[in-house]
Student: 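Let me begin by handing over the structure; questions about it come next.
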Amino acid sequence: IFVYLWFKLRRQFNRFPAKAAIMGNVSASAQSLARVQCATSPKIDENKLEISEMEESRNLKVLIVGARGLPEAGWFPGEDRFLSCTLRSLSEDVGDSTQRGEDVFTTRRLKNVVDPIWKEETYIPETTAALEFNVWKADSYGMSGLLASATLTSKHGELNFNRGFHGELPLQVQGDETADAYLAIRVQAEAEDYECPPFDGLESQFTASISNPTRKNLGIDMDSQGCETLLVTSVRAGPIMAYNSAVELEQQILPGHFVVSVNGVEGDATAMQREMQRKSRLEVVLGRPEDVRIAINVDSRRSLGIGIPRRQTGSSLAITQVRKGPVEDWNAENPWQKVQVGDRIVAVNGQRGNASDLARSLKAAMKIPRMQLTITRPIAFNPDEALLEPPMLY
């Protein structure tokens, strides 16, 4: 009996290692299968998946550059005004009509600007039927209202973004059908990277080849006061007018243009004038003008912080220096409309005149809380500089 029981117990104990070995083999097989599945199945990264879905749905890039010609109605002296722009995406409905969508982007609010420059971009789905841009004004107390609006369709009408868009849209100003206001924008595929033409279709500079074999008077009046460029003020009979009659309008030398260089001479207005008088063959590089309206808070300060020539001649006031004062404050808050040495003041509070008239207007405007200056300069705008650090937010 003892021997029988001993053999039976031994058989039972021998089974346990076998079971453990079997279980161990099963566990190892499961782990091996899991490793195979991990190796053959793609890993799912939730963050990458979210970005991928976003890229698929947002494949058009919209750049809101800025607006010009906006009215100033309702902007009282001493009161702050803020301007912003919203983008509304409109969806397509039956019969190629569009239905109201929702605001998908809002620019920052710019304080006390006349012609706002935002240079901000966002993305929209390629399936968008139309884009509605609304410019809003607001005051320091939070009261806001629609100032102007414009619409751009994807396929229909003269202005559309079927193959991208780069230009200015006419703005419909609230309560003023005669207003001449525009919104500069750019729409392109997100993956596209190309050099865009200027908004008006013209290059910022062009070269004029002028022949003056007898070296007679060119028939051009220019303002050279204290600047590196010459401002064309008038054109009369002479070699310049003969040149203009032989070329297209886009290549003509007109009042308001800037002489940037003459036969390679640049940076010195007096030297360029001398070159134009002495040489019979002239290669003149001209810059097209850009007018910028700025609003300066004077606040009873005695000086704007700019220098102007003591002897005021011509039809503008050249800015020879920018130092501490209201203009420098404007520059800090509006880096894309910065007042620089070489800029020329052509109007004070909308009033134009010769240099001495403008100087008197500047002195008189120092007695009010805010003045508006219109400045002209050669165009130097590059739309690809849009992604810079934004200025002060409000």
Student: Just to verify, which of Thr376, Val339, Ile319, Thr374 counts as forming a side-chain contact (heavy atoms from CB on, under 4.5 Å) with Ile345?
Tutor: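 So the option named by the test is Ile319.
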Student: Check for a donor-acceptor pair, side chain of Thr153 on one end and backbone N or O of Ala130 on the other, with a separation under 3.5 Å.
Tutor: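 Answer holds: no.
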Student: Can you find a pair of side-chain heavy atoms, one from Trp330 and one from Val113, that are under 4.5 Å apart?
Tutor: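 Yes. Closest side-chain heavy atoms under 4.5 Å.
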Student: Compute whether any side-chain donor of one residue and acceptor of the other, for Asn263 and Glu275, lie under 3.5 angstrom apart.
Tutor: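 There is such a pair (donor and acceptor under 3.5 Å, judged by atom type) between the side chains of Asn263 and Glu275.
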Student: Could you go through the salt bridge (Lys or Arg N to Asp or Glu O under 4.0 Å) check for Glu168 and Arg68 one step at a time?
Tutor: CA-CA 10 Å; Glu168 290 187 320; Arg68 64 180 178 89; 2.9 Å; yes
Student: Between Leu131 and Arg88, is there a side-chain heavy-atom distance shorter than 4.5 Å?
Tutor: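 No; the side chains remain at least 4.5 Å from each other.
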Student: Look at the side-chain heavy atoms of Ile, Leu, Val, Met, Phe, Trp and Tyr, link any pair under 4.5 Å apart, and say whether Phe133 and Leu171 land in one connected group.
Tutor: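 Yes.
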Student: If I compare all heavy atoms of Gln174 with all of Ser149, which pair ends up nearest, and what's the gap?
Tutor: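 Here Gln174 and Ser149 meet closest at NE2-OG, 4.4 Å.
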Student: Does the side chain of Phe82 reach to within under 4.5 Å of the side chain of Lys137, using non-hydrogen atoms?
Tutor: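 No, too far: nothing below the 4.5 Å cut-off.
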Student: According to a hydrophobic-cluster definition based on side-chain heavy atoms being under 4.5 Å apart (Ile, Leu, Val, Met, Phe, Trp, Tyr only), do Leu183 and Leu146 belong together?
Tutor: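 Looking at the clustering, Leu146 is in a separate group from Leu183.
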Student: Is there a side-chain contact between Leu304 and Met366, using heavy atoms and a 4.5 Å cut-off?
Tutor: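 When only atoms from C-beta onward are counted, Met366 and Leu304 do touch, with a gap below 4.5 Å.
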Student: Does a sphere of radius 6.0 Å around CD in Gln172 hold more than 12 heavy atoms from other residues, nucleotides or ligands, not counting ones at 6.0 Å or beyond?
Tutor: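 Counting neighbours around CD of Gln172, 12 or fewer heavy atoms of other residues, nucleotides or ligands fall under 6.0 Å, so no.
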Student: Before giving the answer on salt bridge (Lys or Arg N to Asp or Glu O under 4.0 Å), spell out for Glu120 and Arg108 the whole-Å C-alpha distance, their side-chain angles and the decisive distance to 0.1 Å.
Tutor: CA-CA 9 Å; Glu120 296 185 48; Arg108 65 191 182 281; 2.4 Å; yes
Student: Would you indicate whether the side-chain heavy atoms of Ile185 and Leu63 approach each other to under 4.5 Å?
Tutor: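 Contact flag for Leu63/Ile185 side chains = no.
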Student: Side-chain contact, heavy-atom cut-off 4.5 Å: Met371 with Leu362?
Tutor: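 Counting from C-beta outward, Met371 and Leu362 do come under 4.5 Å.
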Student: I'd like to check Tyr243 versus Ile253 (side-chain heavy atoms, cut-off strictly below 4.5 Å). Are they in contact?
Tutor: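 When only atoms from C-beta onward are counted, Ile253 and Tyr243 do touch, with a gap below 4.5 Å.
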Student: Of the options Val262, Asn212, Ile210, which is the one that meets Met276 in a side-chain contact (heavy atoms from CB on, under 4.5 Å)?
Tutor: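 Of the listed residues Val262, Asn212, Ile210, the side-chain contact (heavy atoms from CB on, under 4.5 Å) partner of Met276 is Val262.
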Student: Rounded at 0.5 Å granularity, tell me how far CD1 in Ile306 sits from CD1 in Ile375.
Tutor: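 The CD1 atom of Ile375 is 7.0 Å from CD1 of Ile306, to the nearest 0.5 Å.
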Student: Does Val135 share a hydrophobic cluster with Tyr182, counting links as ILVMFWY side-chain heavy atoms below 4.5 Å and allowing steps through other members?
Tutor: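 Different clusters: Val135 never reaches Tyr182 through Ile, Leu, Val, Met, Phe, Trp or Tyr contacts under 4.5 Å.
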Student: With clusters built from Ile, Leu, Val, Met, Phe, Trp and Tyr whose side-chain heavy atoms come within less than 4.5 Å, directly or transitively, what are the remaining members of the cluster of Val285, listed by chain and number?
Tutor: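 Hydrophobic cluster check, Val285: joined to Val260.
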Student: Kindly write out the residues that satisfy ring-ring contact (aromatic ring centres under 6.0 Å, His included) with Phe206, not counting sequence neighbours, or none if the list is empty.
Tutor: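 Result, ring-ring contact (aromatic ring centres under 6.0 Å, His included) vs Phe206: His257.
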Student: Please check: side-chain N/O of Asp176 versus main-chain N/O of Val173, any donor-acceptor pairing under 3.5 Å?
Tutor: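 The answer is no, because no donor-acceptor pair under 3.5 Å joins these two groups.
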Student: Atom CG of Leu373 and atom CG of Leu358: how far apart are they, to the nearest 0.5 Å?
Tutor: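 Answer for the CG-CG pair, Leu373 versus Leu358, is 9.5 Å.
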Student: Is there a donor-acceptor contact under 3.5 Å linking the side chains of Glu132 and Asn134?
Tutor: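 Yes - a donor-acceptor pair under 3.5 Å links their side chains.
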Student: Quick one: side chains of residues 308-318, donor-acceptor pairs under 3.5 Å with protein atoms, not counting sequence neighbours, listed by atom name and distance.
Tutor:
residue: Gln312; atom: NE2; partner: Pro309; partner atom: O; Å: 3.3
residue: Ser316; atom: OG; partner: Asp223; partner atom: OD2; Å: 3.1

Student: For Glu248, does the CD atom have more than 12 heavy-atom neighbours from other residues, nucleotides or ligands under 6.0 Å away?
Tutor: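 No, the 6.0 Å shell around CD holds no more than 12 heavy atoms from other groups.
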Student: Please determine whether residues Val284 and Met272 belong to a single hydrophobic cluster, defined as Ile, Leu, Val, Met, Phe, Trp and Tyr linked transitively by side-chain heavy-atom distances below 4.5 Å.
Tutor: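 The answer is yes; both residues are in one hydrophobic cluster.
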Student: Side-chain heavy atoms nearer than 4.5 Å, only ILVMFWY residues, links allowed to pass through others: does that put Val62 and Leu169 together?
Tutor: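 Linked within one cluster.
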Student: For Glu283, does the CD atom sit with more than 12 other heavy atoms under 6.0 Å from it, leaving out its own atoms?
Tutor: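 Yes.
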Student: Hey, is Arg288 close enough to Glu203 for a salt bridge, meaning N to O under 4.0 Å?
Tutor: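 Judged by the 4.0 Å cut-off on N to carboxylate O distance, Arg288 and Glu203 do not form a salt bridge.
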Student: Okay, side chain of Asp139, backbone of Met143: is any donor-acceptor separation there less than 3.5 Å?
Tutor: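 Looks like yes, one N/O pair under 3.5 Å.
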Student: To the nearest 0.5 Å, what is the distance between OH on Tyr123 and CZ on Phe105?
Tutor: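 Interatomic distance, Tyr123 OH to Phe105 CZ, rounded to 0.5 Å: 10.5 Å.
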Student: Any side-chain heavy atom of Ile296 sitting closer than 4.5 Å to one from Asn112?
Tutor: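 When only atoms from C-beta onward are counted, Asn112 and Ile296 do not touch, as no gap falls below 4.5 Å.
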Student: Check the pair Arg236, Asp221 against salt bridge (Lys or Arg N to Asp or Glu O under 4.0 Å), reporting the backbone distance first and the verdict last.
Tutor: CA-CA 8 Å; Arg236 57 186 187 278; Asp221 294 322; 2.7 Å; yes
Student: Taking Lys324 first and then Glu328, would you say they form a salt bridge - that is, a charged N and a carboxylate O separated by under 4.0 Å?
Tutor: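 Salt bridge absent between Lys324 and Glu328.
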